[in-house]
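So you know, we letter chains A, B, ... as the sequences are listed, proteins then strands, and number each from 1.
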Protein chains: 2
Amino acid sequence: MATRTRRSQRRTEALSRERIVEAAVELLDTAGESGLTFRALTERLATGPGAIYWHVANKDELLAAATDAVVAAAVAVRAPAAEALPSSAPEEPEPPASPQDGIRTVALGLFDAVDRHPWLATQLATQLARSPWGTVTPRIFESVGQRVRALDVPESSWFTVTSALVHYVLGAAGQNAVNSASARALPPGVDRTRFLDTVSTAWEELDPDEYPFTRAVADQVRGHDDREQFLAGIDLVLAGITATQHRESRTAQE
Amino acid sequence: MATRTRRSQRRTEALSRERIVEAAVELLDTAGESGLTFRALTERLATGPGAIYWHVANKDELLAAATDAVVAAAVAVRAPAAEALPSSAPEEPEPPASPQDGIRTVALGLFDAVDRHPWLATQLATQLARSPWGTVTPRIFESVGQRVRALDVPESSWFTVTSALVHYVLGAAGQNAVNSASARALPPGVDRTRFLDTVSTAWEELDPDEYPFTRAVADQVRGHDDREQFLAGIDLVLAGITATQHRESRTAQE
DNA sequence: ACCTGAACACCGTTCAAGT
DNA sequence: ACCTGAACACCGTTCAAGT
């Protein structure tokens, strides 16, 4: 009864794992987590479930592959100047970004990816929980870690410091998917300002005895910018790294 | 054909939302996320699906309630001394914990909760993503925020600083569910040491060109303690808060 | 080697009917 | 008001069969 979807013609391109993952990402983006079903996928790819199972072991593996593909694209960041104006003065020496800026860029890359693909927040948690030896964790870890090494953190702290940064980024990005996803779910026309207003008001109406702090802070929710706040958190961790180093070198000198 | 489960006798206690949520948490703990089904739940509660739907709107609400219950318990931390030796010297004045220690305690409370309930990592991401105006976010936020206020952070920074801490905690706790859950999934007898060994080895075998940092750090994975590393991250953020304040007051004095 | 599509077991949810 | 349990629509996955 539902109107026949316009994609029923025989597919021309051969099926491949790549095409399947690509279709999965599209489906997740447009229809959300619950929108990714093998039935929707077979229709979109004009094939049967068996064909998909030939290329992919099961749904978990498909979700992992989709997550990995998006993360890989997100963390493969170059210096922003390089792509901003591709044809202008290619011989101009790239401004050597500080390691701190590099970390901010990588972090923002992931942050924005979660913003564009809200399902990524949950999947990141799920995939990371499933296998730290998978491809997703090392990818993120490596990208942040290389910049941490460029700070003058002693080698013995590399693992701890990088972990702290990665944890913050994942936590903050996950939490932010909230806002973008929820805001999107609201009736169109209700924009971000109205959305923050809703949250702020809800917080203001909490029980004064149980939630004094949250109530006190409700107003600050209203005007805040997610990216700005995200970066402020990064800077807090970076400041902590610097401060800890200084404390250590001071102690070492005595 | 399956052996009749021992719980088929008529239930004595009346059904209630509370009992349902309690059973859901048990099911999640023992059988994992995929183990929580309405069928398993009806069997355990010796009832039919309709009875459950009388108390709970749907599975999403049930998961939200389960998450909220566990988070509420985790975040309601008292000074550790109070419960350690309940009957010894009750009039002894409690050592006034510093706000920093308070933050560490709350954070560890959540960290350990995720450790005991690995499904919490995913659910935290999901629930937070679904509704920041729900009960889960304010609960965590409030508990951390009250301690942030006790540090001498200027009021204008309350929201940002508390958010940063909460994001770190959620990210780190989520990532850690990894380890406990994965370690649990391994054949019994393979303990944590062996598990870390596996991860470490996997990281050592990554492509040297693409993953130089992760490889360099692989060895540090082997001996590390999750809780210690988690706290080190908290301390990094706390150090960042202090450093930022000093910088600000220094600037203000000029 | 790659794909088809009917079939299977299982899941969340509904609802007419009971007490 | 609270509970029962058959029924429904939908899902992931399998597999004998085709090319």
Please give, in whole Å, the distance from [N] [atom2] to [X] [atom1]?
{"X": "A:Ile52", "N": "C:dA6", "atom1": "CD1", "atom2": "P", "answer": "16 Å"}
{"X": "B:Tyr53", "N": "C:dT13", "atom1": "OH", "atom2": "C1'", "answer": "4 Å"}
{"X": "A:Arg39", "N": "D:dT13", "atom1": "CZ", "atom2": "P", "answer": "11 Å"}
{"X": "A:Leu45", "N": "C:dT4", "atom1": "CG", "atom2": "P", "answer": "10 Å"}
{"X": "B:Asp60", "N": "C:dT13", "atom1": "CG", "atom2": "C1'", "answer": "13 Å"}
{"X": "A:Leu41", "N": "D:dC11", "atom1": "CG", "atom2": "C1'", "answer": "13 Å"}
{"X": "A:Asn58", "N": "C:dA9", "atom1": "CG", "atom2": "P", "answer": "20 Å"}
{"X": "A:Glu43", "N": "D:dC11", "atom1": "CD", "atom2": "P", "answer": "11 Å"}

query: Considering Watson-Crick and G-U wobble pairs with both distances under 3.5 Å, what does D:dT4 pair with?
result: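 Check on D:dT4: paired to C:dA16, both distances under 3.5 Å.
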field: Nucleotide forming a Watson-Crick or wobble pair with D:dA9, both distances under 3.5 Å
entry: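 By the stated definition (distances under 3.5 Å), nothing pairs with D:dA9.
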- prompt: When you check the phosphate oxygens OP1 and OP2 of D:dC2, does a side-chain N or O of B:Trp54 lie under 4.0 Å from one of them?
  reply: yes
query: Within the pair B:His55 and D:dA1, is there a side-chain N or O less than 4.0 Å away from OP1 or OP2?
result: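 For D:dA1, neither OP1 nor OP2 has a side-chain N or O of B:His55 closer than 4.0 Å.
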- prompt: So how far is it from A:Leu108 CG to A:Ile234 CD1, rounded to the nearest 0.5 Å?
  reply: 7.5 Å
- prompt: How many angstroms lie between atom CD of B:Glu33 and atom CG of B:Leu120, to the nearest 0.5 angstrom?
  reply: 9.5 Å
message: Can you confirm whether B:Glu18 is buried at CD, in the sense that more than 12 heavy atoms of other residues, nucleotides or ligands lie under 6.0 Å from that atom?
response: no
message: Taking any heavy-atom pair under 4.0 Å as a contact, classify A:Leu36: base, sugar-phosphate, or nothing.
response: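 Since only primed, P, OP1 and OP2 atoms lie under 4.0 Å of A:Leu36, the category is sugar-phosphate.
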field: Nucleotide nearest B:Pro49 (side chain, heavy atoms from C-beta), chosen from D:dA7, D:dT13, D:dA6
entry: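 The listed nucleotide nearest to B:Pro49's side chain is D:dA6.
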field: Side-chain heavy-atom pair B:Trp203, B:Arg215 within 4.5 angstrom cut-off
entry: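 Answer no - side chains too far apart.
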task: Compare all side-chain heavy atoms of B:Gln127 with those of B:Thr137 and state whether any distance is below 4.5 angstrom.
output: no
